[in-house]
Protein chains: 4
Amino acid sequence: MSENENAAASRKGRPRSSTADDAILGATRALLAERGWATLTVGDVAVRAGVAKTTLYRRWASKNELVTAAVADMLGTLELPEDGDLRSDLDSVVRQFAQLLARPEMSSALMGLIADSTRDPELRRRVREAIVEPQKRLVVEGRARARARGEVGVADAIDVDLVFDVIAGTVVHHMLVSAEPAAEEWVGRFVAFVTAGLVGCAPGG
Amino acid sequence: MSENENAAASRKGRPRSSTADDAILGATRALLAERGWATLTVGDVAVRAGVAKTTLYRRWASKNELVTAAVADMLGTLELPEDGDLRSDLDSVVRQFAQLLARPEMSSALMGLIADSTRDPELRRRVREAIVEPQKRLVVEGRARARARGEVGVADAIDVDLVFDVIAGTVVHHMLVSAEPAAEEWVGRFVAFVTAGLVGCAPGG
Amino acid sequence: MSENENAAASRKGRPRSSTADDAILGATRALLAERGWATLTVGDVAVRAGVAKTTLYRRWASKNELVTAAVADMLGTLELPEDGDLRSDLDSVVRQFAQLLARPEMSSALMGLIADSTRDPELRRRVREAIVEPQKRLVVEGRARARARGEVGVADAIDVDLVFDVIAGTVVHHMLVSAEPAAEEWVGRFVAFVTAGLVGCAPGG
Amino acid sequence: MSENENAAASRKGRPRSSTADDAILGATRALLAERGWATLTVGDVAVRAGVAKTTLYRRWASKNELVTAAVADMLGTLELPEDGDLRSDLDSVVRQFAQLLARPEMSSALMGLIADSTRDPELRRRVREAIVEPQKRLVVEGRARARARGEVGVADAIDVDLVFDVIAGTVVHHMLVSAEPAAEEWVGRFVAFVTAGLVGCAPGG
DNA sequence: CGCTAATCGAGACGGTACGTCTGGTCTTCTA
DNA sequence: TAGAAGACCAGACGTACCGTCTCGATTAGCG
């Protein structure tokens with residue numbers, strides 16, 4: 001029913017070009033990587049995509065929405081390693097986070113979106129939904145696996161939100177504020193720290 | 001010699017008005033609080049400060065430099081509590097950090113600066129020098145006190161840079177990305193986690 | 001071919017608003033009359049015309065070009081009287097010239113353009129093409145009529161360029177440098193002088 | 001006595017540097033020649049003269065006054081030739097006018113001053129007094145000589161103001177608007193025309 | 001096959017902020 | 001007190017983007 005209605009609604013007139021969508025998001029990513037958030041221009045994106053500004057604004061109402069879409073589109077499905085333990089899961093999550101932030105089109109865009117979102121609740125909702133939450137599921141999944149492995153004490157100690165804030169926040173701060181790469185050795189130290197924190201907080205720890 | 005020359009050089013002509021400096025930084029803070037980073041305008045700051053744009057640009061060459069100065073100026077020297085222990089020191093630092101970030105003129109400005117600094121090494125240097133490093137001394141001082149109190153094992157486990165990234169990053173992420181207030185109870189949980197991490201990493205832990 | 005291409009090229013996109021042209025030139029004339037050349041501001045013209053600055057700059061690249069267009073637009077095609085003789089033709093031309101210069105939007109603008117054109121050959125070309133030459137045709141036409149009336153000797157004595165310089169230059173100098181109105185009586189004396197000069201220069205004079 | 005009084009008056013404080021006056025006027029002329037009226041800057045004049053802006057403004061209250069002074073200062077005492085007749089006097093006057101206008105620092109400045117003077121009666125008074133009138137005396141003197149030579153009829157026909165407007169206006173228009181040099185041959189034609197006009201207007205002509 | 005309606009590229013439009021420049025004044029120190 | 005130096009206010013400059021709009025030209029499905 002609803003399908004028919006939608007179909008009926010969209011059946012009239014010239015359908016939107018799906019290649020335009022891809023071209024726009026691709027151009028956005030390319031320009032984010034080349035020039036960063038601040039100097040990214042909607043007009044430039046349109047030119048780079050070979051598309052009229054109208055076509056772009058018909059799809060995304062603002063630079064913020066456009067960048068959110070482009071970045072979200074870029075996030076592949078992250079995975080936990082098979083047959084891991086608490087520590088290797090942690091290690092994997094930190095590494096994957098760091099890899100995301102290491103992309104030039106990610107770091108600049110992400111901080112820009114967060115900056116704007118401090119004044120725009122709707123944008124904050126979008127950013128969390130499209131970018132932040134998908135990563136948080138790794139922590140949830142990690143806890144479920146720990147529980148399944150019988151590491152009940154530690155698993156119960158995992159406050160998903162807190163652990164996520166610690167992991168994401170620390171990696172971001174390390175890479176963007178302290179401006180240091182997430183080297184092998186640093187990841188090891190950080191994971192050790194988090195592991196100790198989790199174990200220390202466990203009831204039976 | 002060079003000092004004398006500089007002094008002589010800067011003694012010529014009408015000296016810069018120090019009241020203008022204060023008025024400009026004050027206006028910047030006020031507008032950051034009212035409207036946030038994105039909509040902050042150099043021209044508006046000048047008008048609000050009752051100052052010509054030239055006067056402003058003579059001191060700070062860009063919006064970024066201006067905001068950096070205003071934010072740095074806002075960060076009074078934070079203090080560790082007297083007669084504390086490791087846990088109360090941590091608790092105090094987290095609380096003070098959270099209070100700073102709760103100011104509307106801080107959150108928006110800070111993320112904006114970090115976003116821009118991902119593409120501007122000179123800005124990153126400024127931000128670290130004027131904003132980040134002064135707070136880091138709290139961690140250094142905390143370690144020194146722990147050592148003085150004889151908590152040698154734990155003190156040696158404190159990697160200043162890592163601990164700072166964990167504290168600052170987590171608080172920022174919690175408040176600005178997760179957008180949750182740093183409630184009494186949350187601070188407790190976070191401090192417990194960090195303490196456990198430190199103890200767990202200590203050689204004799 | 002090239003014509004077709006040009007036509008095709010200019011057919012693309014939203015066409016320029018012709019009402020904007022009129023509004024801009026009208027506002028320019030009004031502000032020239034009210035405040036003169038020196039205090040005329042491109043921004044004020046745009047505001048007065050109810051038009052964005054970009055719209056104005058898209059058409060005229062500078063204050064000089066804008067004023068040239070406005071002044072040229074103001075110069076309706078002057079006419080020689082029907083059934084006149086040499087003297088009445090001269091009288092009419094001088095009077096019409098003086099009337100144009102008496103308009104406050106003309107005097108200030110014209111001298112400003114000439115001043116700038118002393119340093120800007122391109123502007124000089126524009127001014128001559130749009131403002132000076134159209135009036136010169138009156139002298140050419142006057143000579144043709146004299147010849148047609150059989151005043152061959154006098155007609156042959158008319159050096160168009162010289163006569164034009166004398167008429168235009170003298171009227172301008174009288175009104176703008178000597179700052180005297182072109183009174184009835186003055187026009188009479190000047191026309192008598194020019195007539196005598198022409199007759200005196202004629203071969204059979 | 002009077003010297004003593006003056007000395008007493010000027011004995012207070014540091015006396016004004018007379019070299020500064022020369023340096024300023026010289027710099028003004030140089031910059032007028034190099035860049036013209038429109039792009040002449042008071043600040044640049046001060047720099048070129050090696051003088052503070054204060055020093056400049058203490059002497060001349062505005063760019064207009066400064067340029068008027070610089071141009072007036074440049075006009076040497078013009079002279080009529082000895083033992084001439086009406087025609088050679090005219091020839092001389094036209095030539096001297098043309099030479100003045102041929103200087104790049106004159107043409108641009110003069111038109112600029114006239115443009116501004118259309119809106120500023122005080123400036124117009126200054127310009128006439130310092131620049132225009134001194135030249136007009138040549139016509140007065142020429143008439144006196146003609147009368148002394150017994151050319152009474154022609155001399156009485158000379159309306160000084162009209163003749164001056166014709167000469168000055170035509171030469172200016174020829175050189176600055178028509179943008180032609182005042183060639184030998186052109187001067188001859190123009191002088192012939194004026195002479196014919198004068199003779200034709202004379203009572204006994 | 002023509003009609004209707006939404007889409008497309010192109011580019012003009014009204015606004016707003018930018019960072020620079022100039023005019024003319026004011027304030028400090030030095031001579 | 002004048003002078004050199006240079007900071008100060010005020011405001012115009014010409015440019016760059018924003019997000020909207022108006023064109024003519026496509027490009028579908030529906031009758």
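Model, not experiment: these values are computed from the prediction. Reminder, nothing fancy here: chain letters follow the sequence lines and each chain counts from 1.
For the pair D:Leu31 CG and E:dG23 P, the interatomic distance rounds to 11 Å; values are reported in whole Å. Between A:Leu66 atom CG and F:dG19 atom P there is a gap of 10 Å when expressed in whole angstrom units. Distance, A:Asp44 CG to F:dC18 C1': 12 Å, rounded to whole Å. Going from atom CG of D:Leu56 over to atom C1' of F:dG6 covers 15 Å, rounded to whole Å. Protein atom OH of D:Tyr57 is 16 Å distant from nucleotide atom P of F:dG3, rounded to whole Å. If you take CG of D:Asp21 and C1' of F:dA2, they are 12 Å apart, rounded to a whole angstrom. Rounded to an integer number of Å, the gap from D:Leu40 CG to E:dG24 P is 11 Å.
Under 4.0 Å is where a charged nitrogen must lie from a carboxylate oxygen, and between D:Arg48 and D:Glu34 at least one such pair does. A salt bridge is absent between D:Lys63 and D:Asp116: the closest approach of a Lys/Arg side-chain nitrogen to an acidic carboxylate oxygen does not fall below 4.0 angstrom. Using a cutoff of 4.0 Å between basic side-chain nitrogens and carboxylate oxygens, D:Arg35 and D:Asp44 are scored as salt-bridged. Ion pairing of B:Asp21 with B:Arg59 is present here, as a side-chain N (NZ or NE/NH1/NH2) and a carboxylate O approach within less than 4.0 Å.
Contact of B:Thr54 with F:dA7 (side chain to base): no donor-acceptor pair of N or O atoms is detected under 3.5 Å. Between the side chain of C:Lys53 and the base of E:dG15, no donor-acceptor pair of N or O atoms lies under 3.5 Å. Contact of A:Arg14 with F:dT26 (side chain to base): a donor-acceptor pair of N or O atoms is detected under 3.5 Å. Below the 3.5 angstrom threshold, one finds no donor paired with an acceptor across the side chain of D:Lys63 and the base of E:dG23.
For C:Val51 and A:Arg16, each mapped to the nucleotide of DNA chain E holding its nearest heavy atom, the one lying further toward the 5' end belongs to A:Arg16. Summary of the strand contacts: C:Ala61 and B:Ala52 both lie near DNA chain F, and taking for each the nucleotide with the nearest heavy atom, the more 5' one is attributed to B:Ala52. Comparing A:Thr55 and C:Gly50 against DNA chain E, the residue whose closest nucleotide sits nearer the 5' end is A:Thr55.
For the pair D:Arg59 and E:dG24, the criterion of a side-chain N or O lying under 4.0 Å from OP1 or OP2 is not met.
Nearest to the side-chain atoms of C:Pro15 among the listed nucleotides F:dC23, E:dC13, E:dC8 stands F:dC23. Nearest nucleotide to the side chain of A:Arg58, out of F:dG3, E:dC8, E:dG9: E:dC8.
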Review point. Can D:Arg125 and D:Glu122 be said to form a salt bridge (Lys or Arg N to Asp or Glu O under 4.0 Å), step by step?
Key: CA-CA 5 Å; D:Arg125 198 187 55 70; D:Glu122 167 62 16; 2.9 Å; yes
